[in-house]
S.K.: 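Encoded as C-alpha cells, here's the structure I'll be asking about.
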Amino acid sequence: MLKRLFATRKRPYVPGINRPETIRVDLSGSILTLQMPPHSYYGGFPGEDPPPQVNIYEQGRYVDDSGLPDWQRERESSFHFLRRKWAFYGPPWRPRPYGTISFSITVWRCDILPEDMSCFNPNHFEQMALRSLWYAGPGRPSIGEYKAPIHWRLQQESGATWLYFESHRDYSHDAWQPPEFMRTYRDCYLRIPLDNRYYLNLVFSYLGYAPVKYCLANMNKLRDAVLDSVQMEFSATAKERLAEAKHKWPDAHASEHRDPEPWIYPEWRYGGIGEENIVVVNPGSPPPVLTS
C-alpha cells in the first residue's frame, strides 16, 4: 500500500509487477512459457487464465470473418486463450487508473495461405504480417488511420523467425488535434510460427495517459519484461515442418528493417438502409498480395 501511496504519473503503481506469474501452455505439443504480472483492472472484470493444454488443430475452436463484406475479409480464423489487463494506478484517492494495457494471446489459422507457402518461411511470414496490418488499417477505416509497421524487428528463436512490430494511431489527417494522452494509443505484436498454416499472436494494446514520455516509459518497460520472458519449445511435428521449410527455401529471409507502409486509406461513408455498414466512395490502396 505504501507504494501506491507515493504513486505518480512518472512512477505509477502496477499491482504485482514485481511478482510475475509463470504461464505455461501446451499448444499441441509446442510448449509456450512466459511471465507476466497478475490481472489487475479497476472495473473488477476477471482475467482469463489459459488452459494447460490447447489443441490448435481443433477446427471448431476457430472464428472466421465470413460475416464481413468481401473487401474486409482477411480469410484467417482465430481463437483467444488468454486475456489480461494491467492497470497503472496513482495514489489511493484516485480510484481509476491513469491508463491500462490490454494483453491477449491468440492462435491464428491462415485459411487463405496457399499450399506452397508456410509460416516457417520468414518471407512468407512477413507477407502475412503486412497483409494483416492492411486489414486492421485501410480495411477498417471507421476506427481511424494507423501507421504500421513501426519498430519492426526480427527475433531468431528456437530455430525460427519471430516478428515484432507496432501499429500507432495516426492523427495527421484528422481535422482536430487529439488530447496528448491519445498519442499513447498503439498496439504491439509478437508473432511466432506454430505450423505451416498456424501462428501465435501476442498483442499489447495501450490506453495511456499524459505526459506521454512517462506513460510510454512505464508501459514499454512492462511490455518488454513480458516479451523477454517468452520461450517456445517446438513439438516434434513443428520441428519437422520447420526443417522441411528450411530445406525447401534455404535462402528465405524476412526484412531486417521496414518503414511504415504508404497505404492510402479509402474514402468512405456510413451506409444507410439496405447498404453495408461502410460504403467505400473512393478505394484506397489494395491489400497486399501473397506471393510464393
Side-chain angles (χ1 to χ4, degrees), residues 3 10-27 30-41 47-50 52 54 80-89 97-108 119-120 122 125-126 129 133 148-168 184-194 199-208 212-235 238-239 242 254-258:
K3 289 184 178 179
K10 187 174 184 178
R11 293 184 177 84
Y13 172 70
V14 180
I17 193 170
N18 295 320
R19 301 186 307 276
E21 302 172 351
T22 298
I23 303 296
R24 182 185 186 277
V25 186
D26 182 335
L27 299 164
S30 292
I31 308 301
L32 169 72
T33 58
L34 69 162
Q35 293 185 326
M36 64 181 70
H39 175 81
S40 62
Y41 186 52
E48 286 185 357
D49 289 322
V54 173
H80 298 272
F81 65 83
L82 185 147
R83 287 188 180 93
R84 288 199 177 180
K85 280 194 176 182
W86 298 306
F88 291 72
Y89 288 103
Y98 294 133
T100 60
I101 295 179
S102 298
F103 177 67
S104 67
I105 305 181
T106 308
V107 178
W108 285 84
C119 293
F120 282 128
F125 203 33
E126 176 179 7
L133 285 172
I150 291 177
H151 297 152
W152 174 277
R153 70 170 183 260
L154 310 182
Q155 293 181 221
Q156 303 302 323
E157 304 283 352
S158 307
T161 298
W162 299 6
L163 303 178
Y164 175 85
F165 51 89
E166 300 174 16
S167 177
H168 294 189
T184 65
Y185 290 6
R186 59 196 57 193
D187 295 320
C188 310
Y189 305 85
L190 176 65
R191 295 198 170 172
I192 303 172
L194 291 175
Y199 67 86
L200 201 64
N201 195 29
L202 288 74
V203 185
F204 302 79
S205 296
Y206 293 8
L207 289 177
V212 171
K213 176 182 177 181
Y214 294 156
C215 171
L216 293 182
N218 288 299
M219 290 192 166
N220 289 346
K221 183 177 179 180
L222 190 158
R223 176 204 63 196
D224 291 345
V226 175
L227 288 176
D228 290 345
S229 74
V230 176
Q231 296 181 351
M232 177 67 74
E233 181 183 344
F234 286 130
S235 68
K239 289 178 181 178
L242 176 59
S255 302
E256 293 286 343
H257 171 79
R258 293 202 70 97

S.K.: Describe, in one word, how the ring planes of Phe165 and Trp152 are oriented to each other, choosing from parallel (under 30°), tilted (30 to 60°) and perpendicular (over 60°).
M.R.: parallel

S.K.: Return the minimal non-hydrogen interatomic distance between Gly208 and Tyr185, and the atom names on each side.
M.R.: N-CE1, 3.9 Å

S.K.: Quick check: closest heavy atoms across Lys85 and Ser102, and the distance to 0.1 Å?
M.R.: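 Reported closest heavy-atom pair: CE-OG, 3.0 Å.
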
S.K.: So how far is it from Asp26 CG to Glu233 CD, rounded to the nearest 0.5 Å?
M.R.: 10.0 Å

S.K.: Quick one: are the ring centres of Phe234 and Phe120 less than 6.0 Å apart?
M.R.: yes

S.K.: Do you know which two heavy atoms are closest between Phe88 and Thr100, and how far apart they sit?
M.R.: CD1-CA, 4.4 Å

S.K.: side-chain contact (heavy atoms from CB on, under 4.5 Å) with Gln155: which of Val230, Leu190, Leu163?
M.R.: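 Testing each of Val230, Leu190, Leu163 against Gln155, the sole residue satisfying side-chain contact (heavy atoms from CB on, under 4.5 Å) is Leu190.
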
S.K.: Find the distance between CD1 (Ile101) and SG (Cys188) and round it off to the nearest 0.5 Å.
M.R.: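 Here the rounded value is 8.0 Å.
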
S.K.: Does any part of the side chain of Arg186, heavy atoms only, come nearer than 4.5 Å to the side chain of Ile150, both counted from C-beta?
M.R.: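 The answer is no; the side chains never approach within 4.5 Å.
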
S.K.: Can you name the nearest heavy-atom pair linking Leu207 to Thr184, along with the distance?
M.R.: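 Distance-wise, the nearest heavy atoms are C-OG1, 4.2 Å.
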
S.K.: What are the two closest non-hydrogen atoms of Ala238 and Ser30, and how far apart are they?
M.R.: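 Smallest heavy-atom distance, with atoms named: CB-OG, 3.9 Å.
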
S.K.: With a 4.5 Å cut-off on side-chain heavy atoms, are Leu34 and Leu202 touching?
M.R.: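 With C-beta onward as the side chain, the pair touches.
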
S.K.: Quick one, Ile31 and Val25 - any side-chain contact, counting heavy atoms below 4.5 Å?
M.R.: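 Answer no - side chains too far apart.
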
S.K.: Can you name the nearest heavy-atom pair linking Trp86 to Met36, along with the distance?
M.R.: CZ2-CB, 3.7 Å

S.K.: With the side chain counted from C-beta on, respond yes when Tyr89 and Pro97 share a heavy-atom pair under 4.5 Å apart, and no when they do not.
M.R.: yes

S.K.: Say you draw a straight line from CG of Leu222 to CG of Leu227; how long is it, rounded to the nearest 0.5 Å?
M.R.: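 If I round to the nearest 0.5 Å, the distance is 10.0 Å.
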
S.K.: Could you name each residue pair satisfying salt bridge (charged side-chain N to carboxylate O under 4.0 Å, His left out) that touches residues 212-229, not counting sequence neighbours?
M.R.: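 Matches after skipping sequence neighbours: Glu166-Arg223.
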
S.K.: Counting only heavy atoms from other residues, nucleotides and ligands, does the tally under 6.0 Å from CD of Glu21 exceed 12?
M.R.: yes

S.K.: When the ring planes of Trp108 and Tyr199 are compared, do they come out parallel, tilted or perpendicular, using 30° and 60° as the limits?
M.R.: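 Geometry flag for Tyr199 against Trp108: parallel rings.
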
S.K.: Is Asn218 reaching over with its side chain to a backbone N or O of Arg11, donor-acceptor style, under 3.5 angstrom?
M.R.: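 Side chain of Asn218 to backbone of Arg11: no pair is present.
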
S.K.: With distance as the sole test, does Ser40 use its side chain to make a donor-acceptor pair with the main-chain N or O of Ala87 at under 3.5 Å?
M.R.: yes

S.K.: Tell me, do Pro149 and Tyr189 make a side-chain contact under 4.5 Å, heavy atoms counted?
M.R.: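 Side chain of Pro149 against side chain of Tyr189, heavy atoms only: no contact under 4.5 Å found.
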
S.K.: Please check if any side-chain donor atom of Gln156 sits under 3.5 Å from a side-chain acceptor atom of Thr161, or the reverse.
M.R.: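 Side chains of Gln156 and Thr161: pair found under 3.5 Å.
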
S.K.: Taking the six-membered ring of Tyr164, is NZ or CZ of Arg153 closer than 6.0 Å to its centre and within 45° of its axis?
M.R.: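 Ring-cation test returns yes.
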
S.K.: Under a 4.5 Å cut-off applied to non-hydrogen side-chain atoms, are Lys3 and Asn18 in contact?
M.R.: yes

